[in-house]
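Not measured: the values here are computed from a predicted model. When a ligand or atom number is given, it counts from 1 through the structure's own listing order.
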Amino acid sequence: MSVSAISTLVSSPVIVVGSGLAGLSAATQLINHDVPVQLLDSFPKAGGNSIKASSGINGAPTRFQALLDSTEAFLNDTIKSAGLAFDQSEGAEKERRQRLVNTLVHDSQSAIYWLVDEQGVDLSAVSVLGGHSAARTHRGGPGSKPPGWSIISTLLENLKQSPLFDLKLHTRVIKVLNEGEEVIGVEVQDATAKDSKKTQRLEGPVVFAAGGFAGDTHGLVKQYRPDLVGYPTTNDYREGTQPLLQEIGAGVVDMKEVQVHPTGFVDPADPTAHVKILAAEVLRGEGGILLAGTGERFVNELGTRAQVTAAIQKTADMIPIPAGAKDPANQQWEVWLVLDKTAAEKMASRLGFYRFKKLMTDMTLGDLQKHLPNALETIKSYSRNISTSTPDPFGRASFGSWTLDPESVDESTPITAGRITPVIHFTMGGVTIDSDTTVINTEGDKIKGLWAAGEITGGLHGDNRLGGSSLLECVVFGRRAGNEAAMWWKAREGQKQQGLKLQENLHKEL
Ligand SMILES: Cc1cc2nc3c(=O)[nH]c(=O)nc-3n(C[C@H](O)[C@H](O)[C@H](O)COP(=O)(O)OP(=O)(O)OC[C@H]3O[C@@H](n4cnc5c(N)ncnc54)[C@H](O)[C@@H]3O)c2cc1C
Ligand SMILES: *[C@@H]1O[C@H](CO)[C@@H](O)[C@H](O)[C@H]1NC(C)=O
Ligand SMILES: *[C@@H]1O[C@H](CO)[C@@H](O)[C@H](O)[C@H]1NC(C)=O
């Protein structure tokens, strides 16, 4: 056996923590560089919150967009959405944020083409999400599975073809190991074991892609945003992992910036549940409107998430919580999401799941009127405004597939509707990274042997993340993390092999 083959066998793989899109993108890149990967996840199933993503992934400009778009327009939208956190930052921090935003936007086209052309994911349909000036959020064509599911399952399937790839589920990282300034591995625990004292050390450089803390209601959410503890969430319950990196000196930013998504479904069977299914933003992008308990519209449904959420809280009534409910999500508002027949047809494959779960129901306008007194009048007037190109009083500029003829609107008009309420959805804050994904410590220096990508990182989105930009950040920065860790690993291997050769020659000479 050659020296290099031996050293490949004995060398430790790059450790990737988290099997969501950021982790899988990093792992794919590492494998492409012929670097072995040990992927770890504490959950029994791979995919994290990424697998639940339901609207799509941004990219501009791409060949799938029918209308003109540009990286500059996407950049402007992103900076506008990032708000004061971006505008008011200064000096080196401002430059860091600018680098992150520029990298996200400029790498967006190649991220989409990488997923489509190299990995084989269908992303041929685009729609406009809130806060975007163009249709640039990509998902699969008619009849396809939701984008998170199709992207994750494709990448995972491709990775499993490689003998260099190893996935360990049920494995929770509880500590990051360092020697001086350098990260040398992690300490893990069997996430299913009753005896939680048993731990194991794994050595190697580490890519951290462990996601956000929007599902850590009673942990980091409570610590940074006690005002949001009563809100339901779209995230599975998971502990935030930023503290593991803070322990070894990593800085964090924007930890108070928690995104509340305006539309989580209120399940009629369990209205006060903490974990809710997201009513994908694309439902509004493709035509859905929001009605308050009065049956009236009250907002541009395609404003940013922060704007729509604020309007709901200002206009809608709070839902009373039954006495005696255990740990209820007690901050909920009465709002309905309504699609006309053509918008519902456009969303048919998605609605199948929501109908099955009884989160959206096919009914007539007469049925809806029973809950929402002015719904019929509103829908007639809204449809008339669209058909006569009357400017929308709330500033909505695109109406998706809503084509209802105002003259035909009566109590028998079929619609599809469900109740929604704002939900904690995403955490903008996280560990500080630079655009090459190295983790920055509280002094502003790079930590060696450690990279981070995806929702665990902070600063890119500022005050508000645009829909579709999270999957994008996972691909863009996940791939970068993979490249950086691969270079690091190869440099180390080079040193090791030189060391081995030296030893061999020494033996020969002796
Ligand atoms: C319902 C829903 C819909 C969404 N829709 C969209 C969308 O359409 N477009 C978009 O851009 N974004 C969307 N998002 C946001 C986006 O999906 C996530 O922000 C993004 O996927 C995060 O990816 P990630 O790889 O950083 O983390 P995740 O996908 O959450 O993966 C992190 C993984 O790390 C593991 N982990 C955590 N801690 C540890 C530990 N200590 N040890 C070992 N493993 C650990 C977790 O178990 C998890 O599997 C949506 C989110 C939700 C919840
Ligand atoms: C982006 O913003 C800059 C600065 O405000 C402006 O000059 C430019 O026209 C904008 N570009 C697009 C495409 O919106
Ligand atoms: C239709 O437009 C008119 C005029 O701007 C406005 O008063 C009305 O509220 C609009 N209807 C709906 C339902 O948006």
Side-chain angles (χ1 to χ4, degrees), residues 16-26 39-58 68-77 79-80 129 133-134 137 139 146-148 151-152 168-175 186 188-189 191 208-215 233-236 238-241 244 259 261 264 276-282 289 291 296-298 374 377-386 388 390-394 396 423-427 430 452-457 465-475 477-478:
V16 179
V17 185
S19 65
L21 184 53
L24 294 185
S25 299
L39 181 61
L40 307 174
D41 203 297
S42 50
F43 259 45
K45 240 182 72 192
N49 276 303
S50 301
I51 205 166
K52 295 163 77 170
S54 46
S55 287
I57 173 167
N58 298 332
L68 205 62
D69 193 11
S70 64
T71 47
E72 188 184 295
F74 185 16
L75 186 69
N76 284 4
D77 292 346
I79 289 173
K80 196 168 160 201
L129 296 192
S133 58
T137 307
R139 64 180 194 280
I151 294 172
I152 291 293
K168 269 196 174 62
L169 296 171
H170 296 294
T171 307
R172 173 174 292 120
V173 171
I174 55 165
K175 197 174 167 58
V186 291
V188 298
Q189 210 173 50
F208 237 83
F213 60 88
T233 171
T234 57
N235 283 212
D236 293 323
R238 274 190 184 88
E239 267 167 36
T241 53
L244 295 184
Q259 180 168 76
H261 191 294
K276 296 205 186 313
I277 292 176
L278 182 72
E281 191 167 331
V282 68
I289 60 171
L291 302 181
E296 276 150 6
R297 278 183 72 225
F298 56 93
N374 298 323
E377 229 4 84
T378 300
I379 284 177
K380 204 175 176 85
S381 151
Y382 180 70
S383 304
R384 189 179 302 121
N385 286 354
I386 295 177
T388 56
T390 305
D392 182 57
F394 303 103
R396 182 167 179 158
V423 271
I424 298 179
H425 185 54
F426 182 86
T427 46
E455 197 176 340
I456 189 175
T457 68
R465 169 184 70 99
L466 287 175
S469 280
S470 172
L471 292 181
L472 176 62
E473 88 170 298
C474 289
V475 174
F477 293 98

S.K.: Any N or O on Gly23 sitting closer than 3.5 Å to an N or O of ligand 1?
M.R.: no
S.K.: Would you mind running through ligand 1 and noting each atom that sits below 4.0 Å from a heavy atom of Gly47?
M.R.: 29 (O)
S.K.: I need the Thr234 OG1 to Ile424 CD1 distance, nearest 0.5 Å.
M.R.: 9.0 Å
S.K.: Show me the short polar-atom pairs for ligand 3: any N or O of it lying under 3.5 Å from a protein N or O, with distances only.
M.R.:
from     : atom 1 : to     : atom 2 : distance (Å)
ligand 3 : 2 (O)  : Asn385 : OD1    : 3.1
ligand 3 : 2 (O)  : Asn385 : ND2    : 2.3
ligand 3 : 11 (N) : Ser381 : OG     : 2.6
ligand 3 : 11 (N) : Asn385 : ND2    : 3.0
ligand 3 : 14 (O) : Arg297 : NH1    : 3.0

S.K.: Considering heavy atoms of the protein only, find what lies nearest to atom 52 (C) of ligand 1 and give residue, atom and distance to 0.1 Å.
M.R.: His425 CE1, 3.4 Å
S.K.: Which residue owns the protein heavy atom closest to atom 28 (P) of ligand 1, what's the atom, and how far is it?
M.R.: Asn49 N, 3.5 Å
S.K.: For Arg465, is there any backbone N or O sitting under 3.5 Å from a side-chain donor or acceptor partner on Gln259?
M.R.: yes
S.K.: For atom 16 (C) of ligand 1, what is the nearest protein heavy atom, given as residue, atom name and distance?
M.R.: Ser470 OG, 3.3 Å
S.K.: Which of the numbered atoms in ligand 2 are below 4.0 angstrom from a heavy atom of Asn76?
M.R.: 1 (C), 2 (O), 3 (C), 8 (C), 10 (C), 11 (N), 12 (C), 14 (O)
S.K.: Under a 4.0 Å heavy-atom limit, does Ala214 contact ligand 1 with its side chain, its backbone, both, or neither?
M.R.: neither
S.K.: Without swapping roles, check the side chain of Asn58 against the backbone of Gly467 for a donor-acceptor pair under 3.5 Å.
M.R.: yes
S.K.: Determine the minimum heavy-atom distance between Phe426 and Ala214, stating which atoms define it.
M.R.: N-CB, 3.7 Å
S.K.: Any nitrogen or oxygen of Ser70, side chain or backbone, less than 3.5 Å from one on ligand 2?
M.R.: no
S.K.: What distance separates Ser54 OG from Leu278 CG, expressed to the nearest 0.5 Å?
M.R.: 4.5 Å
S.K.: Do me a favour and list the nearest non-hydrogen protein atom to atom 12 (N) of ligand 1 with residue, atom name and distance?
M.R.: Arg465 NH1, 3.3 Å
S.K.: Can you list the atoms of ligand 1 that are under 4.0 Å from a heavy atom of Lys52?
M.R.: 1 (C), 2 (C), 3 (C)
S.K.: Can you measure from CD (Glu473) to CG (Leu466) and round to the nearest 0.5 angstrom?
M.R.: 11.5 Å
S.K.: Report the nearest protein non-hydrogen atom to atom 34 (O) of ligand 1: residue, atom name, distance rounded to 0.1 Å.
M.R.: Gly18 CA, 3.2 Å
S.K.: At their closest point, which heavy atom of His261 faces which heavy atom of Ala279, and how far apart are they?
M.R.: CE1-O, 3.9 Å
S.K.: Taking all non-hydrogen atoms of both residues, which atom of Leu169 and which atom of Lys45 are closest, and how far apart?
M.R.: CD2-C, 4.0 Å
S.K.: Heavy atoms only: which of Lys45, Glu455, Glu473 lies closest to atom 22 (C) of ligand 1?
M.R.: Glu455
S.K.: Are any of the N or O atoms of Ser55 closer than 3.5 Å to those of ligand 1?
M.R.: yes
S.K.: Taking only heavy atoms of Thr171 into account, list the atoms of ligand 1 that are under 4.0 Å away from them.
M.R.: 42 (N), 43 (C)
S.K.: Supply the atom-to-atom distance Thr427 OG1 to Ile456 CD1, rounded to the nearest 0.5 angstrom.
M.R.: 9.5 Å
S.K.: Would you give the length of the straight line joining atom NE2 of His425 to atom CG of Asn49, rounded to the nearest 0.5 angstrom?
M.R.: 8.5 Å
S.K.: Can you list the atoms of ligand 1 that are under 4.0 Å from a heavy atom of Ser469?
M.R.: 11 (O)
S.K.: Would Leu471 count as being in polar contact with ligand 1, using the rule that some N or O on each side must be under 3.5 angstrom apart?
M.R.: yes
S.K.: Under 6.0 Å from the NZ atom of Lys52, do we count more than 12 heavy atoms belonging to anything else shown?
M.R.: yes
S.K.: In ligand 1, which numbered atoms sit nearer than 4.0 Å to a non-hydrogen atom of Phe426?
M.R.: 19 (O)
S.K.: Ser383 and Ile379: which non-hydrogen atoms are nearest, and at how many Å?
M.R.: OG-O, 2.8 Å
S.K.: Considering residues at least two apart in sequence or located in another chain, which fulfil the side-chain hydrogen bond (donor to acceptor under 3.5 Å, both in side chains) criterion with Ser470?
M.R.: none
S.K.: Report yes or no: does Cys474 have a heavy atom closer than 4.0 Å to ligand 1?
M.R.: yes
S.K.: Which of the atoms in ligand 1, numbered in the order shown and given with their element, are less than 4.0 Å from a heavy-atom of Thr234?
M.R.: 53 (C)
S.K.: Kindly confirm or rule out an N or O of Gly56 lying under 3.5 angstrom from an N or O of ligand 1.
M.R.: yes
S.K.: What atoms in ligand 2 come closer than 4.0 Å to a heavy atom of Glu72?
M.R.: 1 (C), 8 (C), 9 (O), 10 (C), 11 (N), 12 (C), 13 (C)
S.K.: Do you know which two heavy atoms are closest between Asp41 and Ser19, and how far apart they sit?
M.R.: OD2-OG, 2.7 Å
S.K.: Does NZ in Lys80 sit with more than 12 non-hydrogen atoms of other residues, nucleotides or ligands closer than 6.0 Å?
M.R.: no
S.K.: Purely on distance, is any nitrogen or oxygen of Ala22 under 3.5 Å from one on ligand 1?
M.R.: yes
S.K.: Among all protein heavy atoms in this structure, tell me which lies nearest to atom 41 (N) of ligand 1, with the distance rounded to 0.1 Å.
M.R.: Val173 O, 3.0 Å
S.K.: Hey, does the Lys NZ or Arg CZ of Arg238 hover above the aromatic six-ring of Phe213, less than 6.0 Å from the centre and inside 45° of the axis?
M.R.: no
S.K.: What's the separation between atom NZ in Lys276 and atom OG1 in Thr233, rounded to the nearest 0.5 Å?
M.R.: 10.5 Å
S.K.: Starting from atom 6 (C) of ligand 1, locate the nearest protein heavy atom and write down its residue, its atom name and how far away it is, to 0.1 Å.
M.R.: Ala53 CB, 3.4 Å
S.K.: Looking at every non-hydrogen atom in both residues, tell me the closest pair between Ala22 and Ala209 and how far apart they are.
M.R.: CB-CB, 3.8 Å
S.K.: Determine whether any heavy atom of Gly148 lies closer than 4.0 Å to an atom of ligand 1.
M.R.: no
S.K.: Considering heavy atoms of the protein only, find what lies nearest to atom 23 (O) of ligand 1 and give residue, atom and distance to 0.1 Å.
M.R.: Ser50 OG, 3.0 Å
S.K.: Check ligand 1 against Gly468 and write out every atom of the ligand that is under 4.0 Å from a heavy-atom position of the residue.
M.R.: 9 (N), 10 (C), 11 (O)
S.K.: Is the backbone N or O of Gly20 less than 3.5 Å from a side-chain atom of Ser50, with the two atoms forming a donor-acceptor pair by type?
M.R.: no
S.K.: Within the 4.0 Å heavy-atom shell around Asn235, which atoms of ligand 1 are there?
M.R.: 53 (C)
S.K.: Is a side-chain N or O of Ser381 found less than 3.5 angstrom from the main chain of Glu377, in a donor-acceptor match?
M.R.: no
S.K.: Under 4.0 Å, heavy atoms only, figure out whether ligand 1 is touched by the backbone of Asp41, its side chain, both or neither.
M.R.: both
